[in-house]
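Some notes on the structure that comes next.
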Amino acid sequence: MDFQLSPWLIKLRIASSHYRALVVYRFIAAIVGGYLLTALSTAVLGVALPLQPSDAVLLAVSLSILIYACIFIYAFSVRSVAKVWITILLTSASLTALLAFMEEWL
């Protein structure tokens, strides 16, 4: 018996697989990009906070949980996955430049 799917069911399966791929891309952006952005913001906060170095690092690490959660929420609240990646990469580049300037690496 030859079983064929109807055209609308094929379109539904293609749309479903496309949606699943976009969700996976958002998870990758949230996990990998969120880790990158959180690590950089923690480093900048550890240097920039006007506290004792040990207190500044502890506060920065404590705030990193909030930062990572906000990035994860942002990754799923924006319409375009490309916009999420562009935002994460531009912000990471800015934080890297700021950290290099603050630590006088440049």
Side-chain angles (χ1 to χ4, degrees):
M1 178 177 213
D2 190 22
F3 181 73
Q4 292 186 359
L5 295 175
S6 62
W8 65 271
L9 190 55
I10 293 172
K11 288 180 185 178
L12 182 65
R13 284 194 177 183
I14 291 171
S16 176
S17 63
H18 181 70
Y19 176 76
R20 288 178 185 168
L22 288 176
V23 170
V24 169
Y25 296 150
R26 287 181 189 272
F27 265 110
I28 292 171
I31 293 170
V32 175
Y35 180 80
L36 173 69
L37 195 54
T38 301
L40 286 170
S41 62
T42 302
V44 169
L45 283 173
V47 172
L49 289 173
L51 301 170
Q52 295 292 326
S54 59
D55 293 336
V57 169
L58 285 174
L59 181 60
V61 169
S62 298
L63 289 174
S64 70
I65 298 168
L66 177 65
I67 293 168
Y68 190 73
C70 290
I71 295 167
F72 210 93
I73 291 169
Y74 175 75
F76 283 92
S77 65
V78 176
R79 184 176 290 263
S80 170
V81 179
K83 186 175 180 181
V84 172
W85 273 112
I86 289 170
T87 303
I88 287 174
L89 292 177
L90 286 178
T91 308
S92 297
S94 301
L95 287 174
T96 302
L98 180 64
L99 185 62
F101 178 73
M102 291 169 58
E103 289 291 316
E104 298 176 357
W105 294 338
L106 296 175

For this session: Could you tell me which non-hydrogen atom of R26 sits nearest to which non-hydrogen atom of R79, and how far apart they are?
Result: NH2-O, 2.7 Å

Exercise. Quick one: side chain to side chain contact (heavy atoms under 4.5 Å, CB included) partners of I65, sequence neighbours excluded?
Worked result: none

Problem set entry | Cluster overlap I67 with I88, hydrophobic side-chain contacts below 4.5 Å | yes

Could you pull out every donor-acceptor pair under 3.5 Å between side chains of residues 97-106 and any protein atom, sequence neighbours left out?
none

For this session: Applying side chain to side chain contact (heavy atoms under 4.5 Å, CB included), name anything that partners F27, two or more places apart in sequence or on another chain.
Result: V23, I31, F72, F76

Exercise. Should side-chain heavy atoms under 4.5 Å link Ile, Leu, Val, Met, Phe, Trp and Tyr, which residues sit in the same cluster as V61?
Worked result: V57

Problem set entry | Remaining members of hydrophobic cluster (4.5 Å side-chain criterion), L58 | none

Problem set entry | Partners passing side-chain hydrogen bond (donor to acceptor under 3.5 Å, both in side chains) against Y74 (at least two apart in sequence or in another chain) | T87

Quick one: side chains of residues 35-55, donor-acceptor pairs under 3.5 Å with protein atoms, not counting sequence neighbours, listed by atom name and distance.
residue	atom	partner	partner atom	Å
T38	OG1	G34	O	2.6
S41	OG	L37	O	3.0
S41	OG	T38	O	3.0
T42	OG1	T38	O	2.7

Problem set entry | Residues that Y68 engages under ring-ring contact (aromatic ring centres under 6.0 Å, His included), provided they are two or more places apart | none

Exercise. Does V24 belong to the same Ile/Leu/Val/Met/Phe/Trp/Tyr cluster as W85, with side-chain heavy atoms less than 4.5 Å apart forming each link?
Worked result: yes

Problem set entry | All side chain to side chain contact (heavy atoms under 4.5 Å, CB included) counterparts of I73, not counting sequence neighbours | none

